[in-house]
Amino acid sequence: MEAVAGGRDALCVMPTGYGKSGIYQVPALTLPGVAVVVSPLIALQRDQADAINEAAGRGRAWVLNSTQAQGAIDEAWAAAQNPDEAVRAKFLFLAPEQLAREDVSERLAALDVSLLVIDEAHCVSSWGHDFRPDYLQLGTLVQALGRPVLALTATAAPPVRSEIITSLNLRDPLVLAHGFDRPNLHLAVQMHVSADDKHRAVLESVPELPGPGLLYVATRRETEEYAAGLEERGLRAESYHSSRRARDRGEVHRKFLDDDVDVVAATSAFGMGIDKPNVRFVVHAAIPDSIDSYYQEIGRGGRDGKPAHAVLHYRPEDLGLRRFFASKTPDADGLAQLLAVLRARDGGATAAELRADLGVSSRKLGGLLNLLRESGAVTEDSGVYRAGTMGPEDAVDAAVAFAQRREHIDQSRVDMARQYAETTGCRREFLLGYFGEQLGAPCGNCDNCEKAAAQADTAPEPVEEQGPRPFPLQSPVAHREWGPGMVMSYDDGTVTVLFESEGYKTLSVDLVLEKDLLKPAGAGTENSAE
DNA sequence: CGTATCACGGATAGCCGTGATACGGTGCGCTATT
């Protein structure tokens with residue numbers, strides 16, 4: 001709050017329930033002007049605005065989005081522009097898609113903005129590149145507004161933090177990353193060979209767990225199959241996914257929060273913004289696409305500090321779906337067409353002009369533009385795009401290569417999830433290592449620790465041998481072929497390095513030493529002669 | 001990448017294997033229809 005009130009940029013990584021909202025709400029109420037809050041879900045925006053208006057008085061918080069009537073939108077802008085500080089709006093909630101609109105950014109530029117808040121800031125990294133490209137445009141808005149920025153999220157591993165800082169153009173931000181450890185969550189993985197066995201094991205084990213809880217599955221169809229199967233076994237079960245009707249989704253939320261349901265079988269659509277203290281289990285019937293997603297999802301369990309179960313039902317085949325989603329072949333023709341149109345316009349073009357010329361959807365255009373911009377083929381200055389000096393073919397190649405590099409990284413994130421499922425070491429050490437924290441000793445509250453303890457009862461206690469750790473955690477290293485990277489964790493005689501262009505790679509420490517595979521590197525050696 | 005589904009051919013049970021094919025997650029904004 002002090003940093004924000006003092007005008008400094010900040011990034012806060014803290015669990016839900018730690019009072020992240022207060023960090024922006026208190027300074028925003030004391031600073032002159034309006035706080036602009038960017039939030040990914042309209043339903044979340046409404047909840048937050050309602051809460052503020054209940055506490056601070058009507059008309060202080062307003063929501064702007066496409067579901068509102070023009071009258072309500074006019075009213076919100078009028079409240080934000082009201083020169084009378086006593087009745088003026090203090091908070092405007094918008095999705096990034098709103099900020100991409102020209103009329104909205106013009107009105108914002110004319111507004112006395114106290115503070116720009118990016119809530120759920122990990123979306124910049126997880127959604128910006130393809131699903132919701134407008135997230136990657138926020139950095140431009142940050143620069144244009146020139147106001148202090150506060151980025152908030154509950155889950156962000158170190159590389160995600162760096163990406164948020166870079167992408168949002170944060171200047172010398174205060175970074176607060178609060179403890180990721182959730183010692184009351186019991187971690188376990190159950191391996192299955194056949195799909196039928198896994199299905200049966202999930203249906204049989206969930207009713208044995210104390211509820212209420214969440215069951216995450218891979219597809220919409222499975223939400224309904226599992227919900228039906230659990231109801232047959234006497235549980236009150238609901239299914240939840242994006243294509244259920246809005247009213248039904250709201251009803252499932254309400255039932256879950258009110259303990260009117262024992263288990264919700266859901267896709268990844270369920271959970272953001274939900275703060276329910278007494279979730280007793282989070283079971284996964286399929287492995288998620290990354291450790292980031294997995295930790296976020298199990299983090300919804302046991303917020304009250306009491307014991308809760310995180311069980312992953314794992315089949316290696318389930319990784320196939322995640323690999324499929326992580327593979328995104330870029331549209332080379334679309335890139336070439338966009339470049340041709342852009343080069344034909346000498347003074348550059350706005351996104352709206354490009355869309356009119358090309359006749360593509362704004363989402364499609366946004367994805368292509370992001371790719372060209374990130375690969376350096378196109379530059380952007382206050383909403384105007386210009387082709388760079390690269391030749392058209394080189395530019396397309398560069399963008400395609402950039403997309404392939406990102407796919408590498410996404411695929412390596414899937415591999416990290418696989419490693420979690422297959423590790424024989426302490427699962428908590430593994431998870432915390434991924435988030436850049438060291439536990440120091442096995443946790444004693446995961447299946448692998450319990451297995452080790454059971455063996456120790458019958459055999460003499462094995463000496464805890466950590467093995468050599470030639471490079472400090474979070475230190476920069478370089479590999480002859482894979483270039484620069486950062487040491488992320490050690491596990492069971494291996495070291496995991498996050499390479500800038502290849503993503504996560506796990507190497508045998510012995511081989512690294514024997515073959516001299518990694519060299520310590522100073523910070524900022526991206527342009528090595530290799 | 002894995003799977004569910006269906007048509008089909010070949011078997012001669014009350015159906016099995018094979019190959020082709022479609023499908024799979026997350027939300028915004030916007031338009032057309034009720």
Side-chain angles (χ1 to χ4, degrees), chain A residues 38-46 63-70 72-73 93-105 119-120 122-138 155 192-199 216-225 239-246 249-250 265-274 284-290 292-294 296-297 314-329 351-352 355-356 359-367 370 407 410-411 413-415 417-418:
Chain A
V38 181
S39 169
L41 305 183
I42 290 173
L44 274 186
Q45 297 171 19
R46 286 205 193 99
V63 178
L64 287 172
N65 59 60
S66 64
T67 68
Q68 291 184 291
Q70 192 56 48
I73 291 174
F93 289 87
L94 310 92
E97 287 80 2
Q98 284 288 318
L99 298 167
R101 293 170 49 128
E102 222 166 309
D103 57 327
V104 172
S105 64
D119 201 8
E120 309 286 358
H122 60 280
C123 293
V124 170
S125 160
S126 58
W127 284 354
H129 300 292
D130 42 30
F131 181 49
R132 293 178 70 176
D134 291 311
Y135 259 103
L136 280 199
Q137 303 295 332
L138 288 176
T155 319
H192 303 283
V193 174
S194 79
D196 282 348
D197 287 347
K198 186 186 75 174
H199 193 88
Y216 279 105
V217 303
T219 64
R220 301 195 274 235
R221 176 177 168 167
E222 283 173 328
T223 65
E224 293 170 12
E225 287 169 0
S239 77
Y240 189 97
H241 54 77
S242 66
S243 57
R244 290 203 65 179
R245 291 199 314 239
R249 294 178 70 168
T267 61
S268 60
F270 191 84
M272 205 186 275
I274 288 187
H284 280 75
I287 191 164
D289 62 356
S290 64
D292 306 73
S293 300
Y294 186 64
Q296 201 167 14
E297 286 165 1
Y314 172 63
R315 287 181 73 219
E317 287 84 351
D318 294 341
L319 294 161
L321 183 65
R322 305 309 180 186
R323 295 210 178 96
F324 165 76
F325 282 134
S327 70
K328 298 147 201 153
T329 318
R355 203 169 68 225
V360 297
S361 70
S362 64
R363 175 174 168 181
K364 168 95 181 174
L365 179 70
N370 277 348
E407 180 178 335
D410 285 349
Q411 297 285 1
R413 285 155 53 85
V414 175
D415 280 342
R418 177 181 60 77

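FYI, side chains are in, hydrogens and waters are out, and symmetry mates aren't considered; it's all heavy atoms of this structure.
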Strand DNA chain B as a dot-bracket string - pairs counted if Watson-Crick or G-U with both distances under 3.5 Å, | where the partner lies in another strand: ((((((((((....))))))))))..........

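Nucleotides B:dG14 and B:dG10, compared at atom C1', are 15 Å apart to the nearest Å. Spacing of C1' atoms, B:dC1 relative to B:dG25, comes out at 16 Å, to the nearest Å. Taking atom P in both B:dT12 and B:dG17, one finds a spacing of 13 Å when rounded to whole Å.
Of the two residues contacting DNA chain B, namely A:Phe270 and A:Leu64, the nearest-nucleotide position lying further toward the 5' end is that of A:Phe270.
Distance from the side chain of A:Arg221 is smallest to B:dA4 among B:dG29, B:dG24, B:dA4. Comparing B:dT26, B:dG29, B:dT3 by their nearest atom to the side chain of A:Ser242 picks out B:dT26. The listed nucleotides are B:dC28, B:dG25, B:dT26; the one nearest the side chain of A:Asp289 is B:dG25. Distance from the side chain of A:Ala195 is smallest to B:dT3 among B:dT3, B:dT26, B:dG24. For A:Ile42, counting side-chain heavy atoms from C-beta on, the closest listed nucleotide (B:dC28, B:dG25, B:dC1) is B:dC28. Between B:dG24, B:dT26, B:dC30, one nucleotide has an atom nearer to the side chain of A:Ser66 than all others, and that is B:dC30. Of all nucleotides listed (B:dT26, B:dG25, B:dG29), B:dG25 comes nearest to the side chain of A:Phe325. Here the nucleotide nearest the side chain of A:Glu97, chosen from B:dT26, B:dG29, B:dT3, is B:dG29. The A:Gln98 side chain lies nearest to B:dG29 when the options are B:dT26, B:dC28, B:dG29.
In this structure, A:Trp127 forms no aromatic stack with the base of B:dT26, since the conditions of centre separation below 5.5 Å and plane angle below 30° are not both met. Residue ring and nucleobase are stacked for A:Phe324 and B:dG24, with a centre distance beneath 5.5 angstrom and an angle between planes beneath 30°.
Note on A:Ser268: every side-chain N or O is 4.0 Å or more away from OP1 and OP2 of B:dG25. Distances shorter than 4.0 Å separate none of the side-chain N or O atoms of A:Arg132 from OP1 or OP2 on B:dG29. For B:dC30, the OP1/OP2 oxygens have a side-chain nitrogen or oxygen of A:Arg101 closer than 4.0 Å. Considering only side-chain N and O atoms, A:Arg315 lies under 4.0 angstrom from the phosphate OP1 or OP2 of B:dT3.
Rounded to whole Å, the distance from CZ on A:Arg220 to P on B:dA4 is 17 Å. The distance from atom CZ of A:Arg323 to atom P of B:dC23 is 24 Å, rounded to the nearest whole Å. Atom CZ of A:Phe93 and atom P of B:dG27 are 19 Å apart (whole Å). Here the P atom of nucleotide B:dG2 and the NE2 atom of A:His192 are 18 Å apart, to the nearest Å. Atom CG of A:Leu41 and atom P of B:dG25 are 18 Å apart (whole Å). Whole-Å rounding puts the A:Arg322 CZ to B:dT3 P distance at 14 Å. Atom CD in A:Glu297 sits roughly 14 Å away from atom P in B:dG25 (whole-Å rounding). Rounded to whole Å, atom C1' of B:dG27 lies 15 Å from atom CG of A:Asp119.
Remark: A:Arg101 engages A:Asp103 in a salt bridge (Lys or Arg N to Asp or Glu O under 4.0 Å) (not counting sequence neighbours).
Residue contacts shown for A:Asp318 are absent, as no nucleic acid heavy atom lies under 4.0 Å away. Counting non-hydrogen atoms under 4.0 angstrom, A:Pro40 reaches the backbone sugars and phosphates but no base.
By the 4.5 Å heavy-atom criterion applied to side chains, A:Pro288 and A:Tyr216 are not counted as neighbours. Between A:Val104 and A:Gln98 there is a side-chain heavy-atom pair separated by less than 4.5 Å. At a threshold of 4.5 Å between non-hydrogen side-chain atoms, the residues A:Leu99 and A:Leu138 count as touching. The shortest side-chain heavy-atom distance between A:Gln411 and A:Ser327 falls under the 4.5 Å cut-off.
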Working for side-chain contact (heavy atoms from CB on, under 4.5 Å), residues A:His122 and A:Asp292: CA-CA 10 Å; A:His122 60 280; A:Asp292 306 73; over 6 Å; no

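A salt bridge does not link A:Asp415 with A:Arg322: every distance from a Lys NZ or Arg NE/NH1/NH2 to an Asp or Glu carboxylate oxygen is 4.0 Å or more.
In summary, the side chains of A:Glu224 and A:His241 do present a donor paired with an acceptor at a separation below 3.5 Å, with no hydrogens or angles considered. Side-chain N/O atoms of A:Thr67 and A:Asn65 include a donor and acceptor closer than 3.5 Å.
Side-chain atoms of A:Tyr314 do not come within 3.5 Å of backbone N or O of A:Arg418 as any donor-acceptor pair. Under a 3.5 Å cut-off, the side chain of A:Arg244 and the backbone N or O of A:Ser239 do form a donor-acceptor pair.
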Across nucleotides 16-22 of chain B, 5' to 3', mark each nucleotide with B, S or - according to how protein heavy atoms within less than 4.0 Å reach it. -------

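Smallest separation of non-hydrogen atoms from A:Tyr135 and A:Pro96: CE1-CG, 3.4 Å.
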